[in-house]
Visitor: 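Right, I'll just put the structure down here and ask away after.
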Amino acid sequence: MVRIAIAYDRLRVEEKMLAASARALGHEAATVDAKSIEAGTAATAASMGLGDAVLVRCVSHHRGACVAALAEFAGVPAINALDAFARCGNKMFMTLLLQKAGVPTPRTHFALSAEGAAACLEREGYPLVIKPLVGSWGRGVMSVGDRDTLDAIVESRSVTDSPHDRLYYLQERVERPPRDIRVITVGGEAVAAMYRESSGFRTNVAAGAAPRACELTPEIAELAARASDAVGGGVLGVDMMEDRRRGIVVHEVNSTVEFRGMASTGQADVPAAIVGFAARAARA
Amino acid sequence: MKCPECDAGLDVPPDAMAGELVTCPDCGSDYEVSKSGSDVELKRAEKVGEDWGQ
């Protein structure tokens with residue numbers, strides 16, 4: 001029996017599924033409101049209620065990274081590790097790691113100012129897709145088809161106080177079917193996949209995309225494993241597109257993966273796989 | 001329970017877990033369920049942050 005803490009800041013169905021699965025597998029499960037954690041440099045796993053392993057499930061990237069840092073400070077395995085949050089939480093860092101590892105990924109450009117973004121678009125041509133460096137659920141993901149659209153995006157970003165809004169992540173708009181593929185990897189191994197169908201170019205379930213069953217083919221599984229290795233492993237959501245010219249490309253790796261759509265596609269028991277990984281990490 | 005914003009009746013399921021959200025059917029305000037023993041309280045839910053979601 002392992003004591004598994006599930007740290008959340010907004011309790012969703014995934015956190016409930018993980019707690020239920022942990023208990024069904026004979027472990028002790030406790031949900032911990034990450035917003036209630038108040039810890040100093042003398043903090044211990046016990047004082048923070050983090051058990052033998054902690055599943056970091058915060059919707060806030062920065063809060064999740066802080067929980068992972070505190071857990072690792074206290075000697076408790078964090079799933080995911082702080083390194084995974086650092087690598088996947090920023091889309092630029094994540095894309096660079098994928099490319100460096102030779103994982104096929106869409107052509108992507110990084111501009112550190114609005115002027116640089118404009119120059120990039122004039123050089124590369126329209127359309128490109130702008131994504132926020134941090135966060136999303138599809139929010140702020142926009143297709144830029146002409147200069148007027150870019151100017152409108154730059155103008156809207158210029159009135160915010162966010163430093164991320166001064167940085168531009170621009171990705172080619174891949175020609176693909178009206179869907180992408182979400183693969184869950186646990187400990188470097190692909191355990192489940194689903195299509196996310198959408199009539200728009202955003203395929204986030206949070207933005208209305210519909211989950212559909214997807215066969216976890218050897219090609220998809222092997223690509224997901226390589227993407228997982230590129231960012232250091234853990235429990236990850238690897239997003240792929242079926243590029244009509246190049247075949248499957250990986251466009252994102254997510255360190256706090258939502259898997260509610262998987263349940264409706266008759267896939268493997270994702271919560272059980274995650275809990276098993278946490279239990280093994282606790283015993284290691 | 002009553003919505004702290006508009007005073008409408010709020011239905012908090014008896015099996016609601018701490019951290020779950022309830023939404024007022026009248027004004028749409030979101031609240032987070034907070035539990036202390038058998039006591040249930042409602043805290044105003046955090047707004048969606050820039051770094052939320054992936």
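First the proteins, then the strands, lettered A, B, ... as listed; each starts at 1.
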Visitor: Using side-chain contact (heavy atoms from CB on, under 4.5 Å) as the criterion, point out the one residue from A:H61, A:H62, A:R139 that pairs with B:W52.
Guide: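 The single option meeting the side-chain contact (heavy atoms from CB on, under 4.5 Å) with B:W52 is A:R139.
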
Visitor: Salt-bridge test for A:K35 and B:E46: reply yes if a basic N is under 4.0 Å from a carboxylate O, no otherwise.
Guide: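 Here A:K35 does not pair with B:E46 in a salt bridge, since their nearest N and O are not under 4.0 Å apart.
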
Visitor: Give the minimum heavy-atom separation between A:R10 and B:A45, together with the two atoms involved.
Guide: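 Closest pair (atom of A:R10, atom of B:A45, distance): NH2-CB, 4.1 Å.
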
Visitor: In this structure, which one of A:D33, A:L11, A:D9 forms a side-chain contact (heavy atoms from CB on, under 4.5 Å) with B:E32?
Guide: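 Going through the options one by one, the only one that passes is A:D33.
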
Visitor: Would you find more than 12 non-hydrogen atoms of other residues, nucleotides or ligands less than 6.0 Å from A:E197 atom CD?
Guide: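 Buried by this count: over 12 neighbours within 6.0 Å.
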
Visitor: For atom CG of B:D15, decide whether the heavy atoms of other residues, nucleotides or ligands shown that lie under 6.0 angstrom number more than 12.
Guide: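 Yes, the 6.0 Å shell around CG holds more than 12 heavy atoms from other groups.
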
Visitor: Is it the side chain or the backbone of B:E50 that comes within 4.5 Å of chain A heavy atoms, both, or neither?
Guide: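 Answer is both: backbone and side chain atoms of B:E50 are under 4.5 Å from chain A.
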
Visitor: Looking at A:S162, A:P132, A:S60, A:C58, which hits side-chain contact (heavy atoms from CB on, under 4.5 Å) with B:D51?
Guide: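 Of the listed options, the one satisfying the test is A:S60.
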
Visitor: Does any backbone or side-chain atom of A:E252 lie under 4.5 Å from a heavy atom of chain B? Answer side chain, backbone, both or neither.
Guide: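 Contact with chain B involves the side chain of A:E252 alone.
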
Visitor: May I ask you to test the A:E15-B:M17 pair for a side-chain heavy-atom distance under 4.5 Å?
Guide: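 They are not in contact (no side-chain heavy atoms under 4.5 Å apart), so the answer is no.
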
Visitor: So what's closer than 4.5 Å to chain B heavy atoms on A:T160: side chain, backbone, both or neither?
Guide: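 For A:T160, neither part sits under 4.5 Å from chain B.
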
Visitor: In terms of heavy-atom proximity below 4.5 Å to chain A, should B:V48 be classed as side chain, backbone, both, or neither?
Guide: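 When you check distances to chain A, only side chain atoms of B:V48 fall under 4.5 Å.
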
